[in-house]
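All values reported here derive from a predicted model rather than from experimental measurement. A, B, ... follow the sequence lines: proteins, then strands. Residue 1 opens every chain.
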2 protein chains.
Amino acid sequence: MNIGDAAKASGVSAKMIRYYEQTGLIPPADRTASGYRDYSDKDVHVLRFIRRSRDLGFSVAEITELLALWQDRSRQSADVKALARSHITALRQKIENLQQMADTLQTLADCCAGDHRPDCPILTDLETDDDDLLVVKPRTGAI
Amino acid sequence: MNIGDAAKASGVSAKMIRYYEQTGLIPPADRTASGYRDYSDKDVHVLRFIRRSRDLGFSVAEITELLALWQDRSRQSADVKALARSHITALRQKIENLQQMADTLQTLADCCAGDHRPDCPILTDLETDDDDLLVVKPRTGAI
DNA sequence: GATAGGGCTTCCCATGGTGGTAAGGTCAAG
DNA sequence: CTTGACCTTACCACCATGGGAAGCCCTATC
């Protein structure tokens, strides 16, 4: 199977398949006599695994570990679970950061008249010399 | 004031100050006779504005707009509010994506024994040929 | 006045994951 | 045999940030 077909079958773009090969996430593909990469159903299966992992937000480095575990028949599910939980923690941290930003901004937007006048609490907040950032608590005169 | 002091005073690294200048977010700084960049308190004020905006997740492109509005005395607060709301929407979208990932992963992790045995629903899910991704609903035999 | 150290300058490189594009080879159908 | 679709490699770009090297400048101490 050519790279284009493998891409369609796996949902990973041809571009990314080459990239994954180049960076060592997957081993170099077999080549036809003319130099085309040649993929088996098994290869596509691996690519699907990778895509699914990416969809769940795992980094390529983490996927390297996941793949190793996946292909290790004597793995311990505890190792997989630990990896997953560590990733969940990272995701939750990111969510928290973004939520904090959104909350702060929402609070500011709620205070903004949003009309033709120039006065705007959002800008006032942005120029505030306050170093306690991203906190949605009353700030002297700012909110 | 040298760039190092401006960095300390604003919370923006010297590296990033140069970058912002180079990319046109801020105008070229004044220079001393010997070629050192020279910053005023006003410049630091702008840098603080930028840092605060970055802390709220605005991109440099968005900050360009925010700065323009900030420095436009005849601005309309509606424009600022629109920018903020559009950013809030983007943040919420990101949060939703991450939340979906975290939920799916949490569900899988909850189903994983996490012991010495190799059987692991997380890996089973990752290799599933299911294209309806990121959905935390029962999937035939996968969860 | 010399020297040491820290700060400044520019320039280049790397990150991560993805897309684009250009020049050229290959394959299959008409 | 031509055409078009596909493949190859090799670059460039994104975005925001950090690292480092080579060399100049400033200040403090001896």
Name the first nucleotide and the last nucleotide along DNA chain C (5' to 3') that come under 4.0 Å of a heavy atom in chain A. C:dG17 to C:dC27
Roughly, in whole Å, what's the span from CD in B:Glu62 to C1' in D:dA16? 14 Å
How would you list, by chain and number, every residue that makes a side-chain hydrogen bond (donor to acceptor under 3.5 Å, both in side chains) with A:Ser13, sequence neighbours excluded? none
d(CD1, B:Ile63; P, D:dC15) in whole Å: 13 Å
Can you tell me how far OG of A:Ser10 sits from CE of A:Met1, rounded to the nearest 0.5 angstrom? 9.0 Å
For the pair made of CE in A:Met16 and C1' in D:dC7, what is the distance, rounded to whole Å? 18 Å
Rounded interatomic separation in angstrom, taking CZ from B:Phe58 and C1' from D:dA16: 17 Å
Describe the nucleic acid contact of A:Arg18 in one word from base, sugar-phosphate, nothing, applying a heavy-atom distance below 4.0 Å. base
Mind checking if B:Ser13 touches a base, just sugar-phosphate, or nothing, with heavy atoms under 4.0 Å? sugar-phosphate
Residues passing the ring pair (Phe, Tyr, Trp, His ring centres under 6.0 Å) test with B:Phe49, sequence neighbours excluded, are B:Trp70
Would you mind reading off the distance between A:Glu21 atom CD and D:dA10 atom C1', rounded to a whole angstrom? 15 Å
Closest-nucleotide mapping onto DNA chain C: is A:Ala33 or A:Tyr20 further toward the 5' terminus? I mean the 5' end. A:Tyr20
Test salt bridge (Lys or Arg N to Asp or Glu O under 4.0 Å) applied to A:Arg37 - qualifying residues, sequence neighbours left out: A:Glu21
Using a 4.0 Å heavy-atom cut-off, write out nucleotides 19-24 of chain D from 5' to 3' as B (base contacted by protein), S (sugar-phosphate only) or - (no contact). BB----
Only counting residues at least two apart or in another chain, list the ones meeting side chain to side chain contact (heavy atoms under 4.5 Å, CB included) with B:Ala113. A:Ser77, B:Asp115, B:Arg117
